[in-house]
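Written below as structure tokens is the structure these notes are about.
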Number of protein chains: 2
Amino acid sequence: MTKALIAKLSQFARLSSEDRDAIVGLETVHCKTARAHTPLISEGDKPIHVRLVLSGWACRHKDLANGRRQIVAFFLPGDFCDLNVYLLRSMDHTISAVTDVKYLQLSAGMLGKLTEERPRVAQALMWSELVSASIQREWLVSLGQRTAMERVGHLIVELYTRLKSVGLAADCRMAFPVTQSELAEVTGVTPVHLNRTLQELRRQKLIELESRQLTILDLDRLRDLAMFELGYLHLDREGRHLDAND
Amino acid sequence: MTKALIAKLSQFARLSSEDRDAIVGLETVHCKTARAHTPLISEGDKPIHVRLVLSGWACRHKDLANGRRQIVAFFLPGDFCDLNVYLLRSMDHTISAVTDVKYLQLSAGMLGKLTEERPRVAQALMWSELVSASIQREWLVSLGQRTAMERVGHLIVELYTRLKSVGLAADCRMAFPVTQSELAEVTGVTPVHLNRTLQELRRQKLIELESRQLTILDLDRLRDLAMFELGYLHLDREGRHLDAND
DNA sequence: CGTCATATTGATCGCGATCAAACTTTGTGG
DNA sequence: CCACAAAGTTTGATCGCGATCAATATGACG
């Protein structure tokens with residue numbers, strides 16, 4: 001169940017078998033479930049646990065007074081929802097399930113123990129937080145500077161890359177369980193315009209999307225169109241000098 | 001010089017005199033200077049040091065292939081530029097001085113020592129990182145859901161609040177050393193449209209802005225207009241249970 | 001006092017919003 | 001397994017915010 005997390009962290013540095021065991025050890029916690037479109041934790045709640053997504057997609061979103069909503073992050077299997085949130089008194093946003101989601105609710109103490117005993121894992125977790133922050137920045141660039149087509153294209157390439165890095169996508173194919181309304185809430189356009197944007201991507205033979213399954217037909221062209229630069233995901237085993245030897 | 005940082009962290013929990021001394025102790029490092037509009041560190045560089053802004057404003061920005069640029073964060077006095085970046089192999093963005101800037105370049109080791117010896121400071125630093133992340137999210141909401149007027153209004157209220165929290169603003173007045181082009185790069189609009197937006201804010205008697213000095217004429221109306229909700233800055237001494245007693 | 005960055009104004013264009021309706025898929029209870 | 005509701009997708013017509021292009025101030029500064 002924690003396979004995705006191990007795969008993800010291994011993008012940073014090779015883990016020892018003890019490291020991996022320590023991560024698998026987190027599964028002693030009772031695994032929780034949330035149905036699609038229900039909140040895991042809501043704005044205003046006191047954050048106590050750290051969440052680790054095991055399967056399914058979740059998202060982080062903020063809701064405005066005028067009823068509009070912005071999705072500010074996706075959580076895929078292997079992603080933590082904020083490693084240190086428990087320091088805050090109340091959530092400034094909501095985390096909701098996109099699909100049915102399985103996740104672990106870990107206590108600060110449990111995570112503290114893991115990071116104390118396994119410094120390499122601690123480093124890898126810090127790296128994954130840095131990557132999350134980098135993704136947030138790239139999303140800011142999308143919303144500030146890219147057109148609707150570019151935003152959608154960029155998001156698709158990013159999600160494909162992230163899913164591939166945890167073994168959940170290959171050959172330009174991936175599950176894509178997001179509704180068009182949700183995609184609109186990520187990319188900051190209206191659902192109507194998002195629909196037209198998807199149609200244009202299909203018309204240009206860049207993607208295929210049906211029954212929640214997405215195929216990238218021409219990854220290179222899509223990357224170029226979206227001005228996608230891989231670097232911000234920091235997937236190049238940047239902590240390799242910390243590799244375990246066993 | 002580290003007064004701003006101490007003021008900022010005190011928004012989270014009351015520091016002991018030892019805590020404060022430990023922070024002041026960082027100043028043994030030679031203080032560096034950058035001229036306005038020059039980079040402190042550029043995309044592609046290997047991040048080695050952690051930077052702490054002492055005076056002046058800096059910003060984080062990403063530059064696209066098509067020549068456009070998005071400013072994704074402002075660093076005000078007391079702000080760190082990424083506590084843990086040194087883990088990454090190369091910067092995915094650039095940090096530039098907005099005004100002339102004084103800053104400290106701290107080594108990972110030096111910061112590690114501080115956080116080991118002063119757990120309350122460590123917590124406070126973690127809190128400040130969480131706040132930075134929260135600000136990033138709020139900026140995503142701005143770019144995705146707010147109009148140009150709302151974006152500019154929101155940014156002004158945020159900067160005023162942040163400056164006030166480190167003792168650099170009061171009575172709705174603040175230094176505002178940002179050019180209109182830079183403001184445009186933050187808010188994701190063109191300089192021309194930004195200019196018209198500022199004029200509209202002035203016309204509605206919401207702000208006054210001349211010779212790099214900004215006055216908020218009607219904070220309540222500006223807040224309402226921008227749908228500004230204070231909570232995301234987490235300034236309410238959320239770590240008060242960790243307060244020092246001396 | 002000329003040069004260069006910054007700010008302002010005017011005219012026109014177009015991407016994406018809005019409004020409205022139909023169509024399709026999914027799911028649920030009888 | 002069908003009926004019907006609810007959610008999600010698609011299409012069409014029109015509107016408007018902010019982009020673009022172009023020119024003109026207004027400083028700041030050597």
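A, B, ... follow the sequence lines: proteins, then strands. Residue 1 opens every chain.
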(request) Take the protein atom CD of A:Glu182 and the nucleotide atom P of D:dG8, then report the distance between them rounded to whole Å. (result)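 Those two atoms, CD and P, are 7 Å apart.
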(message) Between P on C:dG27 and CZ on A:Arg35, what's the gap in Å once rounded to a whole number?
(response)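 The answer, rounded to whole Å, is 10 Å.
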(request) Measure the angle between the two terminal helix axes of the helix from C:dC1-D:dG30 to C:dG30-D:dC1, five base pairs each, and quote it to 10°. (result)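 What I find for the helix from C:dC1-D:dG30 to C:dG30-D:dC1 is an axis angle of 50°.
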(message) Assess whether a salt bridge exists between A:Asp224 and A:Arg221, defined as any Lys/Arg side-chain N lying under 4.0 Å from an Asp/Glu carboxylate O.
(response)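 No salt bridge links A:Asp224 with A:Arg221.
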(message) Looking at B:Glu208 and B:Arg173, is any side-chain nitrogen of the basic one under 4.0 Å from a carboxylate oxygen of the acidic one?
(response)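 Answer for the salt bridge query: no.
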(request) List the steps, then state whether salt bridge (Lys or Arg N to Asp or Glu O under 4.0 Å) holds for A:Arg146 with A:Glu138. (result) CA-CA 11 Å; A:Arg146 286 189 250 255; A:Glu138 194 62 42; 2.3 Å; yes
(request) Residues of residues 142-154 of chain B with any non-hydrogen atom less than 4.0 angstrom from an atom of DNA chain D: list those, numerically ordered, please. (result)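 Listed by number, they are B:Thr147, B:Ala148.
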(request) Can you sort out which residues in residues 56-64 of chain A have a heavy atom within less than 4.0 Å of DNA chain C? Ascending by number, please. (result)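 Of all residues in residues 56-64 of chain A, none places a heavy atom under 4.0 Å from DNA chain C.
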(request) Give me the residues of residues 192-207 of chain A where at least one heavy atom lies under 4.0 Å from an atom of DNA chain C, by number, or none. (result)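 Residues of residues 192-207 of chain A that come under 4.0 Å of DNA chain C are, in numerical order, A:Val192, A:His193, A:Arg196.
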(message) For B:Tyr232, give me all partners under ring pair (Phe, Tyr, Trp, His ring centres under 6.0 Å), at least two apart in sequence or on another chain.
(response)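 Per chain and number, B:Tyr232 pairs via ring pair (Phe, Tyr, Trp, His ring centres under 6.0 Å) with B:His154, B:Phe228.
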(message) If the condition is salt bridge (charged side-chain N to carboxylate O under 4.0 Å, His left out), which residues does A:Arg137 pass it with, not counting sequence neighbours?
(response)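 Once residues adjacent in sequence are excluded, the partners of A:Arg137 under the salt bridge (charged side-chain N to carboxylate O under 4.0 Å, His left out) criterion are B:Asp92.
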(message) Taking salt bridge (Lys or Arg N to Asp or Glu O under 4.0 Å) as the cut-off, I'd like each qualifying pair that reaches into residues 38-59 of chain A, sequence neighbours left out, listed once.
(response)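 Qualifying pairs: none.
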Who passes side-chain contact (heavy atoms from CB on, under 4.5 Å) against [X], sequence neighbours left out?
X: B:Gln199; result: B:Asn195, B:Arg202
X: A:Gln70; result: A:Val72, A:Leu143, B:Val141, B:Gln145
X: A:Ala4; result: A:Pro77, A:Val166

(request) Do nucleotides 24-30 of chain D as a string where each nucleotide becomes B, S or -: B if the base has a protein heavy atom under 4.0 Å, S if just the sugar-phosphate does, - if no protein is that close. (result) -------
(request) Quick one: pull up CG in A:Leu140 and NE2 in B:His61 and give me the separation to the nearest 0.5 Å. (result)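 Going from CG on A:Leu140 over to NE2 on B:His61, the span is 14.0 Å.
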(request) Would you tell me whether B:Gln136 and A:Trp139 have side-chain atoms, one donor and one acceptor, within less than 3.5 Å of each other? (result)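 No pair is found: no donor N or O on one side chain lies under 3.5 Å from an acceptor on the other.
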Contacts under 3.5 Å, N or O only, protein and nucleotides 3-6 of chain C:
none

